[in-house]
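For ligands, and for the atoms within them, numbers begin at 1 and follow the listed sequence.
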Amino acid sequence: MTQDPWENLFAMIDGRRDELVDLAQALIRFPTVNPPGEAYRPCAEFIGRRLSARGFAVEYVHAAGTPGDSERHPRINVIARRDGAARGPCVHFNSHIDVVQTGAGWTLDPFAAIVKDGKIYGRGACDMKGGLAASIIAVEALIDSGASLPGTLEISGTVDEESGGYGGVHYLAERGWFSPPRVDHVIIPEPLNVDRVCIGHRGVWWAEIETHGRMAHGSMPFLGDCAVRHMNAVIDRLERDLYPKLVARRTSMPVVPSGARHSTLNINSIHGGQAESLGHPAPCVPDSCRLVIDRRLLIEENMDGVKSEVRELLEQLVREREGFSYDLRDIFEVQPTMADRNGPVARSTAAAIRRVIGREAEFVCSPGTYDQKHIDRIGKLRDCIAYGPGILDLAHQPDEYVLIEDMVNSAKVMAMAARSLLFGTA
Ligand SMILES: [Zn+2]
């Protein structure tokens, strides 16, 4: 290589700063709110038109029949692919185009994409249209940098990440879009901060516990059996037996924030007793109480063990508590996942961070899940990370923004990492 092969590439990205801002603004102005899944098609087509003008082969994949898909709100994904001058690996940048509801507390129009003090404000600016825009500029600059690139570059804009990814990456992964040899390395530009490489996430088990009782008149509770009191016994067991165990269980995963470096359990909701009618409570002994739990698991745990830990606690109550009976229902589960931090995509991204930002990359894991789960489990592609601009804590907040400086720097990192991966010099 010549004395500094990267300076030319970085200068090209610096020269496109305004174009990067324009692109991020244009993306934010599509109100792709999920649910219900607004404006997916025009947003996908905007991305497709841009990339097809740059020589990409563009495909639109309609995830027909997936949750929320309808004539009014079709689940439209876009995948753009460009083959290089010679055979080589495929580097894929995957961004979700959906954003969460705006919610209360905004002081600026959430879809105006206002630029102020070096930041772009708007719903999705941080999570994750800033990252999507940076990846497009990175790839375009790389193509224009003159070197005849080997291998293949892909960019996708996918839907429904905020609701589990079933109409997006899940659907595509099941149909081979995220499997080798079609794709070899994936970068997901989620907002993890410009100097962090996210190699994975904890797992999830959502479940519902129902306790059963017997209905009777509220004036004579001794004739019935109160399901809410049975549930109280369950919560008491969780408090005394399970929570201390979970806090004591530490992981080797570098999860941020560090409070999430052990197993956690949230009680999402509790529902018990008869519904009130016209604001008047029913004078009845509740015959059912339901509790929804959200258990987050570590890479060191396994799903069966996590489930049987809760079931065992309930079985104990069956033995010890008169009249106690229950049902335990799975709602949703995701295995924890963690890519190799010495794998090609993590290593090349960390090297690019060192070169562009001037400090060592921090390897992190996410407390919650994102689309990497589908790429790993369904696509069977392990060399996948999340890396992108934006401050994680701002995601889903009012007055969400992305720093323009961070977008520019992350575009340089993505371009450098992609180039190293394509040339096999990572
Ligand atoms: Zn996101």
Donor-acceptor contact present, side-chain Arg123 to main-chain Gln397, <3.5 Å
yes

Do you see a donor-acceptor pair shorter than 3.5 Å between the side chains of Ser145 and Asn8?
no

Is Lys119 salt-bridged to Glu400, cutoff N-O under 4.0 Å?
no

Protein N/O/S atoms under 2.8 Å of the Zn ion (ligand 1)?
His96 NE2, Asp127 OD1, Glu190 OE1, Glu190 OE2

Check Glu405 with Lys412, please: is the shortest side-chain N to carboxylate O separation under 4.0 Å?
no

Selection residues 189-208 - residue pairs positive for side-chain hydrogen bond (donor to acceptor under 3.5 Å, both in side chains), sequence neighbours left out:
His96-Glu190, Asp195-Arg359, Arg196-Glu362, Arg202-Thr264, Trp205-Asp330, Trp206-Asp294, Glu208-Arg290, Glu208-Arg329

Ion pair Glu154/Arg182, N-O distance below 4.0 Å
yes

